[in-house]
Amino acid sequence: MNIEQLNQKYGIGEQVVFKEGEGGLPFIHIKNEKANALISIYGGQVLAFRPIHAQDDLLFLSKRAYYQQGKAIKGGVPICWPWFGPDPEGKGRSAHGFMRNRMWDVIETSTTPENGTRIVLGSTDTEETRSIWPRAFILRLEITISDTLNLELITRNPGSQVCTITQAFHTYFNVGDIRQTHVSSLENTRYIDKVHDNLEKNQIGAVTIEAEVDRIYQSVDSNLIIHDTARKRRIRITSKGNRTAVVWNPWAKISTEMADLEDDDYLRFICVETTNAATDRVHIQPGSEFRLVANYRIEQD
Ligand SMILES: O=P(O)(O)OC[C@H]1O[C@H](O)[C@H](O)[C@@H](O)[C@@H]1O
């Protein structure tokens, strides 16, 4: 569907407007009495979300991000699916699965009873996806733009075999200064330290970032808080369906090496990802579905 057809079928006045975005990709601009947001249909990716009274966006979006078919957009909320991290079968398929590198379909747009906006994107298996991952699937991403950003990723298995996935909302949160940022509610939690030979460790105190951090926290709480002290705000993450959470910051060296990040971008974001990762695999029986939920709320001091 082209932009005009999308607007005709799914546009809602000035609240939901489809426009050609960077790299010619179709974007959805959302503006309601609670918040503004930007979504890329490519990747099914929320790129920006700002509640009306918030000064700064919830999300970090790299100024050097690629907007190209086949490449992931650096920032916002990439969807890692049907696997998180490197190819689990070591076949050289792309890291974090294929849905962050594909065009999604628009399924539905509506206004919620609280005057928020609901956008539903989706995807199903095709000959091409089956050549990468031989499974039938019906995937749905329900995005609600209101005073909070709510994301629900529903995987339905229409096939005749059990379907096993790992996945993530790989969210890049925008912070004022990483050196004045910490994450609480992970105290006394076991984690796999991907930076130190996948050693299992115990988190002592709040998570602070003073070097490269890439950790998979296990048996996590359903409430995590990012303290963005420089901006005098907290970001409250409430999740369902996950037993793991990933905390990632590349720090200086990797930030310089990544072509789609500015050298000092590591100071401006932290990824706190709602995941089913490592041993937190999801097995979906034929005919059933699984729902992963993340809700993000900004609390200003
Ligand atoms: O650059 P990307 O492919 O988006 O991956 C960025 C990062 O994602 C996750 O947080 C992983 O735990 C990291 O190991 C990885 O480096």
Side-chain angles (χ1 to χ4, degrees), residues 40 42-47 59-88 90-102 132 151 153 165-175 178 181 183 186 189-201 203 207 209 211-218 220 224 226 235 237 239 242-263 265-281 292 294 296:
S40 167
Y42 175 78
Q45 194 162 339
V46 180
L47 300 179
L59 303 170
F60 165 86
L61 179 61
S62 173
K63 290 198 175 73
R64 292 211 192 175
Y66 297 118
Y67 296 92
Q68 259 177 55
Q69 296 271 357
K71 291 197 170 175
I73 303 173
K74 192 65 114 233
V77 190
I79 303 291
C80 304
W81 191 98
W83 59 84
F84 173 83
D87 179 353
K91 291 180 181 161
R93 295 170 300 177
S94 52
H96 294 325
F98 49 82
M99 284 314 300
R100 66 175 183 161
N101 298 340
R102 296 182 75 76
I132 307 171
L151 303 171
L153 182 63
I165 59 164
T166 54
Q167 58 184 344
F169 292 121
H170 189 316
T171 311
Y172 287 74
F173 292 102
N174 171 21
V175 294
I178 194 72
T181 301
V183 183
L186 288 170
T189 305
R190 305 285 297 168
Y191 67 87
I192 300 167
D193 191 343
K194 287 173 68 177
V195 175
H196 295 113
D197 301 324
N198 289 318
L199 282 177
E200 241 194 80
K201 298 183 181 170
Q203 177 65 40
V207 182
I209 315 284
E212 182 193 354
V213 167
D214 191 356
R215 302 174 181 170
I216 304 177
Y217 286 87
Q218 295 164 307
V220 294
L224 303 181
I226 301 171
I235 297 166
I237 305 169
S239 64
N242 64 312
R243 283 186 281 124
T244 48
V246 167
V247 178
W248 179 63
N249 179 281
W251 207 249
K253 183 170 173 282
I254 296 177
S255 210
T256 308
E257 288 165 2
M258 285 187 159
D260 52 358
L261 283 180
E262 305 265 8
D263 292 358
D265 268 348
Y266 71 98
L267 295 169
R268 301 187 187 102
F269 76 83
I270 184 169
C271 288
V272 178
E273 310 168 31
T274 298
T275 59
N276 297 113
T279 55
D280 180 11
R281 283 187 290 273
L292 181 68
Y296 306 130

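Counting starts at 1 for both ligands and their atoms, following the listed order.
Counting only heavy atoms of the protein, atom 1 (O) of ligand 1 lies nearest to K74 NZ, 2.9 Å. Of all protein heavy atoms, the one closest to atom 9 (C) of ligand 1 is H170 NE2, 3.3 Å. Atom 3 (O) of ligand 1 has R100 NH2, 3.1 Å as its closest protein atom, hydrogens excluded (heavy atom only).
Near Y172, meaning under 4.0 Å from one of its heavy atoms, ligand 1 places the atoms 4 (O). Close approach of ligand 1 to M258 (heavy-atom distance below 4.0 Å) involves ligand atoms 1 (O). The distance from ligand 1 to the heavy atoms of H96 drops below 4.0 Å at these ligand atoms: 3 (O), 5 (O), 8 (O), 9 (C). Here is the list of ligand 1 atoms found below 4.0 Å of a heavy atom in D214: 11 (C), 12 (O), 13 (C), 14 (O). Of all atoms in ligand 1, numbered sequentially from 1 with element shown, those under 4.0 Å from a heavy atom of E273 are 9 (C), 10 (O).
Nearest heavy-atom pair, T171 versus E273, reported as atom, atom and distance to 0.1 Å: N-CG, 4.1 Å. Among all heavy-atom pairs drawn from L59 and V46, the shortest one is CD1-CG1, 3.8 Å. When all heavy atoms of K194 and F84 are compared, the closest pair comes out as NZ-CE2, 4.2 Å.
Residue E212 does not touch ligand 1, judged by heavy-atom distances below 4.0 Å.
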Between V207 and Y217, is a side-chain contact (heavy atoms from CB on, under 4.5 Å) present by the stated rule, with each step listed? CA-CA 11 Å; V207 182; Y217 286 87; 3.4 Å; yes
Mind running side-chain contact (heavy atoms from CB on, under 4.5 Å) on L224 and L186 for me, showing each step along the way? CA-CA 7 Å; L224 303 181; L186 288 170; 3.7 Å; yes
What pairs of donor and acceptor atoms, side-chain ones from residues 249-263 against any protein atom, are under 3.5 angstrom apart with sequence neighbours left out?
unit_1, atom_1, unit_2, atom_2, d
N249, OD1, W251, N, 2.8
N249, ND2, Y266, O, 2.9
N249, ND2, F269, O, 2.8
K253, NZ, E257, OE2, 2.9
S255, OG, E262, O, 3.3
S255, OG, D263, O, 3.4
S255, OG, Y266, N, 3.3
T256, OG1, A252, O, 2.9

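Considering only residues two or more places apart in sequence or on other chains, K91 meets the salt bridge (charged side-chain N to carboxylate O under 4.0 Å, His left out) condition with E89.
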